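Bear in mind the structure is a predicted one, so any value in this text is a computation, not a measurement. Chain letters run A, B, ... following the sequence lines, proteins first and then strands; every chain starts at 1.
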Amino acid sequence: MSTIRAVRGMNDILPQETPHWRRLEQTVSRLLASYGYGEIRLPLVEKTELFSRSIGEVTDIVEREMYSFDDRNGENLTLRPEGTAGCVRAAIQQSLLNVPQRLWYAGPMFRYERPQKGRQRQFHQIGVESFGVASPDMDAEHMLLCARLWRQLGLAGAIELQLNSLGNSAARREYRQALVTYLEAHVDALDEDSRRRLHSNPLRILDSKVAQTRQVLDAAPVMADYLDDESRADFARLCELLQAAGVRYTVNSRLVRGLDYYNKTVYEWVTTRLGAQGTVCGGGRYDNLVEQLGGRQTPAVGFAMGMERLVLLMLEAGAADTSVPAPVDVYAVAAGEGAQREALAAVEALRDRLGELAIVQHTGGGSFKSQLKRADKSGARVALIWGEDEVRTQTVTVKLMREGAVPGEHSGQQCVPREQLEATLRAVFAD
RNA sequence: GUGGCCGUAGCUCAUCAGGUAGAGCACUGGAUUGUGACUCCGGAGGUGGCGGGUUCGAGACCCGUCGGCCACCCCA
């Protein structure tokens, strides 16, 4: 009888980790609200065609990483591998594109890959998309927003911004041709993967990690020399805006991204603290995607950040407090049927008045000794004790578990009249 | 899909020329029948991932398989 395990690459996020996730989520949602972005909630499943048409037929994601299946009607569906396609679909379908739109979403994405550090098959992204603005001030807004987020999370020192421009499709075509011509002259020096990509997706040879291939690339033609005038001007303007706003960046002419829909600006926020998975956030402009998916021509920019990677980074490099406060403030203990009855009601009444405190009522009975053991393990600062004496005298014993207690002695506890319980607790938790 | 490392109690690990397993933590009971965290004593918990092979005998050696981690590929 083998036990059932989770699907490979689909991880549980346990109570000790969720506080970090919540901190990230809350920080991000407040931040996005402050920039005027509206939250959109999208399906996890879309028609497969949506992804193959937007991400690109020959990308790794579409070729071998999608979780696709036929539903009962024989329609081929896919667990979303990224968020932009669905967001664009929704924006078109729900007629959100008549005015500039600022949207964001969060949730799980699915890609069939071998798991490793910072990569799993079900992972979580927060995505941000802006529609209807073609000028680079929109791109800059996204990067400013990210920079602010890193500051708020205490990660500013661990993340840096890399920028590039891919130009329009004509420029990219021209550059691609030049690159292929150059690389073909050096085929012998290329690694196997790069040779395979030479004709299927040559731009991606640019970010190869193979040393010898990189040497060849050192003398390769550079994208910047092939940019169309508009892309060149927009990129210059973007750099200017970033500088004026004090956002540091480096131009990385090798930066290409794995999704076909990007044009003009592409960028990644990267760290060296997470092993091989350095990209913590990435995005760019996709001015043709809306039209490609059947909408009216609408310029757009967007990015997505990886929540697992950010949480990891918060833990490994975060300057700010990653300590998690005890989930329990008060632990209520009672022995004897009468005492239990009274305690249950009293604790409920307390919750009416002190809703901000986390109060755990001991369940399952047991001796005072074992119940107090539980109270201690819970991390509670205060234990409340009901026994026969308390019931008889209409009191509650308030015992301080963390402070004011001398080891080995029953100090730091006092017996207070019922009606003073709330005030006593307020005093204890006042600081 | 490819490569490297790993797989012994809930967790972290140990043992041994190959002779059928131990520690710490956690859990649990007790040390004045109303009091935790410290200390002391006791208890429970392992078909040594699974299958096969070599051997008189394997957790230890070999093969396969499954799983985990990390890396390649690519991305968040």
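Rounded to an integer number of Å, the gap from A:Leu24 CG to B:A76 C1' is 12 Å. The NZ atom of A:Lys399 sits 11 Å away from the C1' atom of B:G34 (whole-angstrom rounding). Going from atom CZ of A:Arg119 over to atom P of B:C73 covers 10 Å, rounded to whole Å. Between the CG atom of A:Leu400 and the C1' atom of B:G36 there is a distance of 13 Å, given to the nearest Å.
Listed nucleotides B:A71, B:A37, B:G34 differ in distance to A:Ala276; the shortest reach to its side chain belongs to B:A71.
Side-chain atoms of A:Tyr182 come within 3.5 Å of backbone N or O of A:Val216 as a donor-acceptor pair. Of the possible donor and acceptor atoms, none in the side chain of A:Arg309 sits under 3.5 Å from a partner among the backbone N and O of A:Gly278.
Counting non-hydrogen atoms under 4.0 angstrom, A:Gly127 reaches nothing in the nucleic acid. Using a 4.0 Å heavy-atom criterion, one finds that A:Gln277 contacts the bases of the nucleic acid, with or without backbone contacts as well. Among the heavy atoms of the strands, none lies under 4.0 Å from A:Ala335. Contact annotation for A:Gln122: no contact, since no heavy-atom pair falls under 4.0 Å across all strands. As judged by a 4.0 angstrom heavy-atom cut-off over every strand, A:Glu192 is placed among residues making no nucleic acid contact. Residue A:Ile126 is out of contact with every strand shown, counting any heavy-atom pair closer than 4.0 Å.
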How does RNA chain B look in dot-bracket notation if pairs are Watson-Crick or G-U with both distances under 3.5 Å, crossing ones as [ ], other-strand ones as |?
(((((((..((((........)))).(((((.......))))).....(((((.......))))))))))))....
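In this pair, A:Phe303 and A:Tyr267 present their aromatic rings tilted. The plane angle is within the 30 to 60° band.
A salt bridge between A:Glu316 and A:Lys117 is present, with a side-chain N of the basic residue lying under 4.0 Å from a carboxylate O of the acidic one. Taking 4.0 Å as the cut-off between side-chain N and carboxylate O, A:Glu348 and A:Arg351 count as a salt-bridged pair. A salt bridge does not link A:Lys373 with A:Asp376: none of the charged nitrogens is closer than 4.0 Å to a carboxylate oxygen.
A donor and an acceptor atom never sit less than 3.5 Å apart when one is taken from the side chain of A:Gln371 and the other from the base of B:U35. Taking only distance into account, the side chain of A:Glu63 never meets the base of B:G1 through a donor-acceptor pair shorter than 3.5 Å. Checked by distance alone, A:Lys369 brings no side-chain donor or acceptor within 3.5 Å of a matching partner on the base of B:U35. Interface remark: the A:Arg64 side chain does form a donor-acceptor pair with the B:C73 base, using a distance-only criterion of under 3.5 Å.
A:Ala85 meets the side chain to side chain contact (heavy atoms under 4.5 Å, CB included) test with A:Leu50, A:Phe51, A:Ser54, A:Glu82; sequence neighbours excluded.
For A:Gln116, no side-chain nitrogen or oxygen approaches OP1 or OP2 of B:C70 to under 4.0 Å. OP1 or OP2 of B:C73 sits under 4.0 Å from a side-chain N or O of A:Lys209. Using a 4.0 Å cut-off, some side-chain N or O of A:Arg8 falls inside it from OP1 or OP2 of B:G67. Of the side-chain N and O atoms in A:Arg257, one or more sit less than 4.0 angstrom from OP1 or OP2 of B:A76.
For the C1' atoms, the distance from B:G59 to B:C6 is 15 Å, rounded to whole Å.
Between A:Asn11 and A:Gln120, the residue anchored closer to the 5' end of RNA chain B is A:Asn11, taking for each the nucleotide with the nearest heavy atom. Residue-to-nucleotide proximity on RNA chain B shows that, of A:Lys373 and A:Met307, the 5′-proximal contact is made by A:Lys373.
Defined by atom type and a distance below 3.5 Å, a donor-acceptor pair is missing between the side-chain atoms of A:Glu39 and A:Ser29.
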